[in-house]
*Asks:* 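Following this message is one structure expressed as structure tokens.
A note on names: the letters A, B, ... follow the listed sequences, proteins ahead of strands, and every chain is numbered from 1. What you are looking at is a predicted structure, and each value in this text was computed from that prediction instead of being measured.
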Amino acid sequence: QKEVEQDPGPLSVPEGAIVSLNCTYSNSAFQYFMWYRQYSRKGPELLMYTYSSGNKEDGRFTAQVDKSSKYISLFIRDSQPSDSATYLCAMSATGANNLFFGTGTRLTVIP
Amino acid sequence: DTGVSQNPRHKITKRGQNVTFRCDPISEHNRLYWYRQTLGQGPEFLTYFQNEAQLEKSRLLSDRFSAERPKGSFSTLEIQRTEQGDSAMYLCASSSPTSKQYFGPGTRLTVT
């Protein structure tokens, strides 16, 4: 079993829809949770960063962490065609140097 | 541009050849990471430098792989005797002790 599980999709939504992306994990030592956006043939771009449990909002993006369920989510409101990309969840433990990534969910927002 | 840069962006090589990639981190970042990403997968950690010291290596980093960061600035990743299974995107990231990891655009390796 992988340490981080993520539905690879693909996921297609109409412009303006609310998008929900999710990851589950098995390592209870993970304390830092991130969402990266990756356009085709580009490097990952950091979108959201959360420490421990709770919610964090930044513009149209909201990240949620539920450590009791080992479940994290990213919500995108009023989705735009420019949001079309692969979304990667990533996490790490305190004092660890490496990130553990999910497989990524490919999102397409249709105009 | 003050982000992480990587060169070359794409490398095509024949099986058995050696290849070397370069990463220039964000200038104030003393931590540097290499990851490998294959098609349809998330990045997988390869190795980590703090300044010039290589402090952590994944078991994915076989003895054909070597990474250096001689002056604590740029880093190189060399793959000797390339195999078709080495075809992947090689990503470099950098961070400071208090910042998150920021990734470069990657070097796409194709081994024919």
*Asks:* Would you say B:E52's side chain and B:K71's backbone share a donor-acceptor pair under 3.5 angstrom?
*Replies:*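 Checked: no pair found.
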*Asks:* Is it true that a side-chain atom of A:T105 and a backbone atom of A:D7 form a donor plus acceptor pair closer than 3.5 Å?
*Replies:*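 Here the side-chain-to-backbone pair exists.
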*Asks:* Main chain of B:G106, side chain of B:Q6: is a donor-acceptor contact present, judged purely on distance under 3.5 Å?
*Replies:*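 Checked: pair present.
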*Asks:* Measuring centre to centre across the rings, with the benzene-like ring taken for any Trp, is B:Y35 within less than 6.0 Å of B:F103?
*Replies:*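 Centroid distance B:Y35-B:F103: below 6.0 Å, so yes.
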*Asks:* Test your reading of the model: is there a side-chain donor-acceptor pair from B:N18 to the backbone of B:R81, 3.5 Å cut-off?
*Replies:* yes
*Asks:* Please check if the number of heavy atoms outside B:E68 that lie under 6.0 Å from its CD is greater than 12.
*Replies:* no
*Asks:* Less than 4.5 Å to any heavy atom of chain B: does that hold for the side chain of A:L46, its backbone, both, or neither?
*Replies:* side chain
*Asks:* Of the non-hydrogen atoms in B:K14 and B:V111, which two are nearest, and what is the gap between them?
*Replies:* C-CG1, 4.2 Å
*Asks:* Between B:R69 (side chain) and B:N51 (backbone), is there a donor-acceptor pair under 3.5 Å?
*Replies:*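 Checking the backbone N and O of B:N51 against the side chain of B:R69, a donor-acceptor pair under 3.5 Å is found.
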*Asks:* Enumerate by number any residue of residues 31-44 of chain A whose heavy atoms lie under 4.5 Å from heavy atoms of chain B; in the absence of such residues, state 'none'.
*Replies:*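 Residues of residues 31-44 of chain A touching chain B at under 4.5 Å: A:Y36, A:Q38, A:R41, A:K42, A:G43, A:P44.
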*Asks:* Taking the side chain as C-beta and beyond, is there a heavy-atom pair between A:L47 and A:Y87 under 4.5 Å?
*Replies:* yes
*Asks:* Ignoring hydrogens and geometry, is there a side-chain-to-backbone donor-acceptor pair from A:T103 to A:Q6 under 3.5 Å?
*Replies:* yes
*Asks:* Relative to chain A, which segment of B:Q101 carries a heavy atom at a distance below 4.5 Å: side chain, backbone, both, or neither?
*Replies:* both
*Asks:* For chain B, which residues of residues 53-84 of chain A have at least one non-hydrogen atom nearer than 4.5 Å to it?
*Replies:*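 If one takes a 4.5 Å heavy-atom cut-off, no residue of residues 53-84 of chain A lies near chain B.
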*Asks:* Where on B:Q37 is there a heavy atom nearer than 4.5 Å to chain A: the side chain, the backbone, both, or neither?
*Replies:* side chain
*Asks:* Might you confirm whether atom CZ of A:R106 has over 12 heavy atoms from other residues, nucleotides or ligands at distances under 6.0 Å?
*Replies:* no
